[in-house]
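Just so we're on the same page: letters track the sequence lines, and every chain starts at 1. Predicted model, so just to flag it, every value in this text is computed and none were measured.
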Amino acid sequence: MLDQRLLRDNPELISQQLGRRGMALDLTKLQLIAKQERDLQEQRSNLQAEGNRIGKEVGGLIQGGEASNGPAVQGLRDQGNRIKQQVSVLEEEEKELQAKLRDQLAALPNLPSPDAPDGKSEADNVEIKTWGSPRLAASGETLEEHWQIAERLGLFETERSVRIAQSRFVTLMGQGARLERSLINFMLDLHTGKGYREVLPPILVNSASLTGSGQLPKFAEESFRCADDDLWLTPTAEVPVTSLHRDEVIPADQLPLRYVAYSPCFRREAGSYGRDTRGLIRLHQFNKVELYWFCHPDHSREAHQQITADAEAVLEALELPYRKIELCTGDIGFSAARTYDLEVWLPGAGAYREISSCSTCGDFQARRSAIRLKDGKGTQLVHTLNGSGLAVGRTMAALLETGQQADGSIKLPAALVPYFGSDTIGLA
RNA sequence: GGAGAGGUGGCCGAGUGGUUGAAGGCGCAGCACUGGAAAUGCUGUAUAGGGGCAACUUUAUCGAGGGUUCGAAUCCCUCCCUCUCCGCCA
């Protein structure tokens, strides 16, 4: 949510900054609504002040022995009634304007950070660095894609999963299920070892939580909803973790709060028909280990570097080559002000694929969720950051493709052996 | 799911229509006392919005929403949540 004061005082700045995202908006009408709303509020509270004064006068008279049905009291009563009526009219108008303002403001994305590179689309994203050497097929060698490997080694069921649910679901089996579990534990241990607090949140979340982190109202069609309740399947642990501190004032000396949350994530993937239909890349349900920071505004810039580094550390520990790109203003998500994506190399596919997205949201989610910090006398909004550390299914895909051996087995990185119990998958 | 009890400030807790944003206590902060501390004393200590350069001022908020009233934490209605007992259950 953007600041209403900013809308009143400087809508040009908002238009200009959202213009960097490729949006063309004229906010003069919305600004007018905001100003009307403010004027109405002023009128209304002046009237209420008058009403309060009268109420106190009546109380004083009656306590002073005046008859409660005497002429003096009756006159004040009539006056009070008139004010009450006027107030209720103004209140109604004010509520209408407030709702309009809130709805329209809630549909606007965050302003991109000044640090974010300008650009129109994915094509304008900026590569920041690469790590490791992408594995390429040696001469005469054919590298399989992860779904081919998984099928060959019986790591998951795809056809049967359609029977259980529908397409874009998989059932991990045997060593595949074990590998997923190992990865979750490995990632959680890595992050908690750095001081992150582990969270296992509800994965059904209410509308207020989705609104607080920015998924509602604009992206309702992207989440699964439970028809009989005000509950949705969370698309990311970012949602419940943001709401962990919704409507709270956090003492400044407790910041930053750093959480690591494992959760299954559910996405409808509307509009992706035909894309990534095989394997673990794009599913309605997938596992993710999410990093999340609540921090002081003064430190969010460094925090963004740190949370990204913490995600990169997982890839490095798993010896998976990757590149780090910074999203341009045209490609940044709704709630984010600045985003780094980490893309892992998939040798079988011969391409880099997104495996983590690390964003700073500034005060955007904090304003929607009313999360403040208290430093001395006043309060101010905190900054929130999130980063995948990592998407587990895609990590498995990368491990399978990266570790494939001539004999058809998969060599796993040393760091995972204590978790998986073996350095190889698929040797009989 | 059935029956009962209850939701008040960071916490505990008083408050059943009148000047109550809310007694008292705890906690916290400042000051005094002290060589330093403890103890003690004094003062201060909610959030959000509006106006004002500021001092300050004003409105709202006692789970949420509506109603009665000149006036509601207090009365009425609806909803939500928590606790206890019973039932069911991983």
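- Per the geometry, CD belonging to Q98(A) stands 12 Å off C1' belonging to G50(B), to the nearest Å.
- The CD atom of Q380(A) sits 13 Å away from the P atom of G49(B) (whole-angstrom rounding).
- Look at G24(B): its Watson-Crick or wobble partner, with both distances under 3.5 angstrom, is C12(B).
- We find that CG of D253(A) is positioned 11 Å from C1' of C28(B), with the value rounded to whole Å.
- Here A46(B) presents its P atom at 7 Å from NZ of K374(A), a figure rounded to the nearest Å.
- Residue contacts shown for R5(A) are limited to sugar-phosphate atoms, with no base heavy atom under 4.0 Å away.
- Between A48(B) and U43(B), the distance separating the two P atoms is 27 Å to the nearest Å.
- Here, C81(B) and U8(B) have their C1' atoms 15 Å apart, quoted to the whole Å.
- Aromatic ring centres of F364(A) and F334(A) lie closer together than 6.0 Å.
- Going from atom CD1 of I250(A) over to atom P of A46(B) covers 19 Å, rounded to whole Å.
- Atom CG in D3(A) sits about 14 Å away from atom C1' in G50(B), given to the nearest Å.
- Look at U82(B): its Watson-Crick or wobble partner, with both distances under 3.5 angstrom, is A5(B).
- Taking the six-membered ring wherever Trp is involved, the centroid distance between the rings of Y196(A) and Y259(A) does not fall below 6.0 Å.
- Each salt bridge (charged side-chain N to carboxylate O under 4.0 Å, His left out) pair with one or both residues in residues 253-267 of chain A, not counting sequence neighbours, would appear here, but there are none.
- With RNA chain B read from its 5' end, the first of the two nearest nucleotides for E57(A) and E42(A) is the one closest to E57(A).
- With rounding to whole Å, L101(A) atom CG is found 14 Å from G49(B) atom P.
- Using cut-offs of 30° and 60° for the angle between ring planes, the H245(A) and F294(A) rings count as perpendicular.
- U47(B) and G36(B) have their P atoms separated by 34 Å, given to the nearest Å.
- Distance CG (D9(A)) to P (G49(B)): 13 Å, rounded to an integer number of Å.
- Remark: side-chain polar atoms of R178(A) are paired, donor with acceptor, to backbone N or O of F420(A) under 3.5 angstrom.
- Side-chain atoms of D363(A) never come within 3.5 Å of backbone atoms of A366(A) as a donor-acceptor pair (strictly under, hydrogens ignored).
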How would you summarise protein contacts on nucleotides 57-76 of chain B per nucleotide, using B for base, S for sugar-phosphate only and - for none, with heavy-atom distances below 4.0 Å?
-SSS-----S--BBS-----
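- Counting only N and O atoms by type, the side chains of N110(A) and S335(A) include no donor and acceptor under 3.5 Å apart.
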